[in-house]
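For reference, the structure discussed in these notes is given below.
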Amino acid sequence: MAAEEPAAAAFRKPVSAPAIEVAGVTKVFGEGKPGAVHALGPIDLSIAPGSFVSVVGPSGCGKSTLLRLAAGLDRPSAGRMNRYGEPLDGPSRQTGIVFQEHVLFPWATVLQNVMLPADVLGLPKAEATARAHHLLELTGLKDFAHHSPQMLSGGMKQRAAFCRALLADPQLLLLDEPFGALDALTREELSLELSRIWQELGRTALLITHDIEEAILLGDRVLIMSPRPGRIRADIAVDLPRPRNVGTAALPRFQEIKQAIRELIFNPGRPE
Amino acid sequence: MAAEEPAAAAFRKPVSAPAIEVAGVTKVFGEGKPGAVHALGPIDLSIAPGSFVSVVGPSGCGKSTLLRLAAGLDRPSAGRMNRYGEPLDGPSRQTGIVFQEHVLFPWATVLQNVMLPADVLGLPKAEATARAHHLLELTGLKDFAHHSPQMLSGGMKQRAAFCRALLADPQLLLLDEPFGALDALTREELSLELSRIWQELGRTALLITHDIEEAILLGDRVLIMSPRPGRIRADIAVDLPRPRNVGTAALPRFQEIKQAIRELIFNPGRPE
Amino acid sequence: AEVNFITDFGFNGRHAYYYVALDKGYYKDEGLDVTILRGQGSADAIKKVASGAATLGFADAGSLVLARGNDGVPVKLVAIVYAQPPQAVFALAGGDIKSPKDLEGKTIADTAFSANRLLFPAYAKAVGVDPDKVSWVTADGAALPTMLATGRVEAIGQFTVGEPLLAAVTAPKTLVRFGYKDALSYYGNGIIATDATIAENPDLVKAFVRATLKGMRDAFADPAAAGAIMAKYQKQVDPAVAEGETKLVAELAEVPGRPLGAIDPERVANTIKVVAENMKLNAAVAPEDLYAPGFVE
Amino acid sequence: MTIAAVARPGTALRRLLTPLSYVAIVLVWEAAVRAFEVPAWLLPAPSAIAGAASDWLPELATNTLVTLRETVFGFLVALAASLPLAILIAFSEPARRLLYPILLGLQSIPKVALAPLITLWLGFSEWPKIVIVVLVCFFPILVNVVAGFESVPKTMLDLMHSLKASETMIFRRLRIPAAMPHFFTGCKVAITFAVIGAVIGEFVAAQSGLGYLILMSTSQSQTPLAFAAIALLTIMSIVLFYGIELLERRIVRWSH
Amino acid sequence: MTIAAVARPGTALRRLLTPLSYVAIVLVWEAAVRAFEVPAWLLPAPSAIAGAASDWLPELATNTLVTLRETVFGFLVALAASLPLAILIAFSEPARRLLYPILLGLQSIPKVALAPLITLWLGFSEWPKIVIVVLVCFFPILVNVVAGFESVPKTMLDLMHSLKASETMIFRRLRIPAAMPHFFTGCKVAITFAVIGAVIGEFVAAQSGLGYLILMSTSQSQTPLAFAAIALLTIMSIVLFYGIELLERRIVRWSH
Ligand SMILES: Nc1ncnc2c1ncn2[C@@H]1O[C@H](COP(=O)(O)OP(=O)(O)OP(=O)(O)O)[C@@H](O)[C@H]1O
Ligand SMILES: Nc1ncnc2c1ncn2[C@@H]1O[C@H](COP(=O)(O)OP(=O)(O)OP(=O)(O)O)[C@@H](O)[C@H]1O
Ligand SMILES: Cc1ncc(C[n+]2csc(CCO)c2C)c(N)n1
Ligand SMILES: [Mg+2]
Ligand SMILES: [Mg+2]
């Protein structure tokens with residue numbers, strides 16, 4: 001493995017090296033074949049370490065594609081990508097992902113699913129188990145730890161996937177609509193919980209969401225993407241005080257930003 | 001098959017026979033076994049033909065379970081269910097469902113997936129194909145008709161499943177978060193499209209959603225469910241004018257109802 | 001008439017005389033259109049004849065005793081070919097096996113339940129060997145010659161007519177043979193037909209036997225020619241091997257003072273006795289049940 | 001679980017259907033043999049077979065044990081051999097291109113033709129028979145397990161890759177559980193061939209076992225005994241098959 | 001697609017790995033036979049086998065065709081028989097309980113033992129051989145297809161049930177496509193057994209075919225010829241296997 005672990009790299013490199021840096025990246029599926037889909041880009045993007053970036057954009061515009069590229073699961077068709085100053089050429093153990101299709105292993109219990117990163121990364125078992133139970137409790141899945149995932153509701157599966165992504169306390173969180181299947185109350189609770197964890201531990205996060213309020217409530221920046229092929233139409237700084245909480249959404253500045261974003265989304269004709 | 005098709009039954013029965021009638025229904029998974037889950041009820045509910053009922057409730061409270069019971073895919077553990085005055089003892093061809101996990105066949109194209117009900121119900125092919133293309137166009141999937149579902153984004157898959165549910169123009173629509181994976185704009189467009197179709201053709205609809213605005217915008221009534229085991233905590237009539245459109249959400253009455261529902265959800269202590 | 005004739009096992013040089021009869025038109029002269037089919041062992045050939053899959057066949061008299069006594073198969077001998085026991089034990093020459101007595105303490109390989117093995121006690125007693133001091137192992141027929149050649153076993157069971165092929169494999173080493181015919185007198189293989197065919201179609205049976213015996217006499221008179229004819233029909237058979245085997249068939253078939261093919265009731269009785277003493281026979285078999293007289297003219 | 005399990009008649013009756021079907025076949029067979037007076041050497045009546053079986057009970061019992069041991073042992077060896085090979089083949093493209101054709105070649109060689117040679121090479125022991133059992137039954141396991149390893153959904157692979165899981169870890173946590181249903185399908189096919197392999201082995205190189213007994217009874221025209229041995233082999237095979245199915249139901253619970 | 005396909009060396013080299021591995025085996029074999037002076041009747045050298053093959057070219061060619069025809073025909077009959085049976089078994093619980101054990105019994109009967117009887121019943125024709133091929137190879141198809149039919153995810157079944165689709169429709173639109181990968185796995189296993197079945201049939205009841213040629217040449221100690229026939233059978237089996245795999249890749253595109 002040529003690439004160093006980003007956590008270590010972060011100490012060696014100038015502090016300013018972005019967690020994720022994307023330059024001129026495009027993605028074309030089935031390149032050269034008939035029916036090829038130009039999904040993304042060109043995109044330029046830089047995510048500072050410790051920042052929280054929200055992404056909103058129309059369905060099919062390439063958000064998940066971008067996230068998979070950032071995770072090192074796919075290679076861009078063109079352009080360069082760095083992670084903590086090093087070329088991004090594969091996944092890193094310091095990344096926690098919630099996939100849009102919350103993937104759970106049907107042969108394992110909910111707890112075993114949540115424990116997967118500890119298993120794979122070889123984390124101390126007792127600690128990890130304690131953390132898993134803590135996360136399950138937090139997400140209201142305590143009573144289902146030893147159930148099989150098939151017995152969970154859609155939203156419960158999503159919460160289990162969320163627990164799994166957080167288990168190893170990764171440096172970088174890549175979240176693809178992690179609360180999409182949750183009711184408003186649970187959603188708010190969990191997103192504030194995420195915000196708290198992120199701030200407390202100083203992690204970096206990239207959140208894809210369709211909920212504009214959520215994007216603002218959590219983000220330092222909100223990226224607004226154009227329809228396919230997805231480009232960054234706007235990059236809006238969220239200058240709201242931290243820590244954020246239920247009250248934040250009531251602030252006039254919040255409403256201002258929300259209105260600005262809604263404008264951008266609902267009147268896509270206006271160029272940025 | 002003893003049960004008559006509801007479409008026919010609707011003509012014979014007094015017009016007042018509810019489309020769906022639920023009396024004292026409960027659902028316990030794994031009844032009698034250790035780890036049994038009391039998922040739902042007891043629930044009493046009556047859905048008038050031609051009405052649009054929205055359901056909101058916390059994740060895991062039994063919404064999908066209720067929908068599956070209404071679809072005739074599961075049997076209740078206790079209680080009675082009727083469809084258009086007849087005992088509900090299995091699925092009906094007059095029902096269109098969007099499942100929470102938008103199920104698409106990977107071996108078929110998007111168009112073929114959307115055409116499935118026409119195939120199964122033996123509808124005239126040419127007509128159905130025209131309708132399928134119309135629906136794909138409406139949902140922005142025109143260019144992907146001949147792609148395979150694996151090539152779609154999460155939201156695009158959901159839209160394809162939505163097209164499939166509408167293809168055969170069913171009497172009863174059962175929709176489990178059909179727009180959950182869509183961005184705000186697409187979501188609004190499609191939900192208003194649904195509202196239009198429903199009103200135009202005089203169908204009955206049961207919509208599960210986590211979006212309170214969507215629940216109000218579309219529903220004649222909004223059912224608010226309690227946490228598991230899910231019961232109906234509140235049944236709120238939405239006395240907003242029809243047809244609804246983008247402007248509806250701006251009405252003060254809309255905001256009033258929304259506020260009432262938020263109250264109920266975010267302060268679950270208060271009994272109804 | 002169409003006649004399916006089934007051999008006892010495969011197509012070997014020892015069957016050359018049937019091909020001689022075929023090649024020289026002896027069957028055709030009798031109005032018979034003969035197809036020679038390959039057998040899977042005597043027990044199988046007997047059943048094939050009994051079931052009508054083959055009209056006539058070539059099978060071991062001992063097997064026939066068992067077939068009648070155990071399974072009640074309605075088949076009889078109509079002519080004998082191996083008028084003396086064909087079974088033998090072979091060892092490599094130049095080793096420490098020189099006489100039958102030397103087999104004591106040795107291991108002999110043979111196919112499962114071959115008559116070589118089952119009748120060995122009779123032979124052993126006749127030549128003064130203790131059969132209990134000889135051990136037997138089982139191997140597939142295809143592997144036997146190689147086992148002897150490679151020294152995996154010290155001796156193998158084989159029909160005397162198998163010697164040429166065996167010699168080809170063990171060459172340059174030569175063989176010692178202990179033939180049961182040197183000590184015992186019972187029948188080996190002969191031509192068989194069902195009771196029904198014998199009763200309903202005796203002329204056909206007679207004609208077949210007649211033509212076969214004619215071919216046999218020709219073959220015995222000129223084994224080299226018989227070998228060449230055989231190889232013409234069965235390319236895989238080496239003419240020299242077929243020639244050698246034909247000579248050995250003659251050794252078994254020709255009994256001084258008896259017409260070729262003729263069945264001696266006394267030997268039939270002795271055959272039954274030997275089988276009954278050495279194998280598991282469920283019901284007694286009378287000599288009349290085993291052969292039909294009058295087909296060898 | 002079958003599809004029709006939804007519409008279930010009385011459970012007791014359903015349980016009995018399998019044994020009843022066997023009984024029915026035996027009865028029809030007996031009746032047919034008697035009605036058409038089929039001779040014993042062509043097709044013996046079940047009663048005649050049962051008679052032979054009771055006459056030869058001790059021999060049948062000991063020989064059944066011999067064949068059973070060879071079958072099970074050979075099957076286990078095949079299992080032990082084919083699992084690492086399947087892993088190697090699924091794991092590495094070069095291994096797949098090198099090994100798969102060779103194993104396929106090995107499977108393709110008609111074992112009935114090879115059996116005598118194997119005896120020649122391995123001498124008089126249990127081994128020729130076990131090698132034949134292994135050669136006859138490793139392939140269904142191998143092919144099914146390879147297919148199972150490759151049946152893993154891409155989304156699950158992505159999950160593991162996102163954790164930078166080693167191939168070993170992906171095997172342990174993902175491919176192996178995902179391949180379990182295929183593995184059992186392969187085992188169920190293989191075990192029936194293992195029994196057949198044992199018989200082939202015994203035909204060619206044995207002093208005991210049911211195959212040997214069949215050979216003996218055939219060569220001595222004891223047809224009912226041959227059928228008794230065949231019946232025992234069939235029963236052995238069925239019992240082993242359902243034994244594996246039982247194991248499968250205990251282990252693979254999630255696919256339902 | 002293998003897992004390791006991600007890390008791919010030169011494609012041309014990879015393509016050549018399979019043939020090269022075969023060539024390597026043959027060369028090692030030749031060298032070993034020469035070095036240790038293995039006698040031809042124990043293990044002939046590839047060159048000796050090639051020599052025999054060229055001497056017997058016309059016979060080998062015609063007999064190969066005979067065996068190929070039996071194999072393919074028997075395989076197709078097995079396919080035609082096992083697909084409806086698999087549907088019946090997956091479709092109906094009583095059919096499963098009645099039929100599956102019987103078919104399992106049929107599979108479990110050692111065909112080597114049964115083959116002589118089948119010839120007795122069917123006489124000297126093509127049929128005993130084809131029946132044996134069918135009996136030897138129907139089971140892997142059946143078991144795999146049944147497993148395939150049952151591998152359908154519950155969510156997809158719910159979708160079909162919600163449309164009140166008939167069982168026929170569920171089969172056509174859901175179970176059959178879902179079972180395709182299993183079906184091909186079964187076919188790949190079955191085709192190799194079909195070749196073996198043809199050889200067993202020819203051993204017992206044939207006057208032509210490669211199995212017959214093996215038997216004839218072995219009985220006359222023409223070992224190189226026997227090996228040439230075995231080699232041809234192996235090649236036939238490999239070609240048929242990869243032919244099915246090719247078909248699979250054209251038809252099953254979605255599982256990747
Ligand atoms: N494997 C693939 N093959 C071909 N096209 C693909 C593939 N994956 C994605 N696409 C295409 O790329 C485009 C972007 O997809 P992506 O999943 O990134 O969208 P998204 O922004 O996440 O949408 P959503 O909000 O609906 O999830 C879509 O048009 C999709 O059809
Ligand atoms: N097959 C099953 N076996 C056991 N328990 C189940 C099963 N299906 C659902 N449940 C349980 O029933 C309860 C209700 O599930 P349901 O899917 O109806 O919730 P929901 O309201 O749709 O939630 P969400 O909004 O998260 O989709 C949950 O606690 C779930 O664990
Ligand atoms: C004497 C003798 N020579 C060679 C073989 C080799 N062999 C064993 S099996 C087989 C194929 C047909 O059975 C071949 C060629 C043998 N067994 N016996
Ligand atoms: Mg997406
Ligand atoms: Mg749900």
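Every chain is numbered from 1, with letters handed out A, B, ... down the list of sequences.
Nearest heavy atoms, Pro91(A) versus Leu73(A): CG-CD2, 4.3 Å. Across every non-hydrogen atom of Val98(B) and Ala161(B), the tightest pair is CG2-O, 4.0 Å.
No other option in Ala39(B), Gly180(B), Ala184(B) has as many heavy-atom pairs under 4.5 Å with chain A as Ala184(B). Per-residue heavy-atom pair counts under 4.5 Å with chain B were compared for Arg187(A), Gln158(A), Arg159(A), and the maximum is reached by Arg159(A). In terms of heavy-atom pairs under 4.5 Å with chain B, the best-connected choice from Gly62(A), Ser64(A), Gly30(A), Ser153(A) is Ser153(A). Ranking Lys63(A), Met151(A), Glu188(A) against chain B, the residue ahead of the rest is Glu188(A), based on heavy-atom pairs under 4.5 Å.
With a 4.5 angstrom heavy-atom cutoff, Arg262(B) touches chain A only via side-chain atoms. If you measure heavy-atom distances from Leu182(A) to chain B, the contacts under 4.5 Å come from both the backbone and the side chain. Residue Val37(A) touches chain B through its side chain alone, counting heavy-atom pairs closer than 4.5 Å.
In this structure a side-chain-to-backbone donor-acceptor pair under 3.5 Å is missing from Arg196(B) to Asn245(B).
No side-chain heavy atom of Thr26(A) sits under 4.5 Å from any side-chain heavy atom of Pro229(A).
Geometric assessment of Lys27(A) against the ring of Phe29(A) yields a positive cation-pi assignment under the 6.0 Å and 45° thresholds.
Counted by atom type alone, Glu214(B) and Thr209(B) present one or more donor-acceptor pairs between their side chains at under 3.5 Å.
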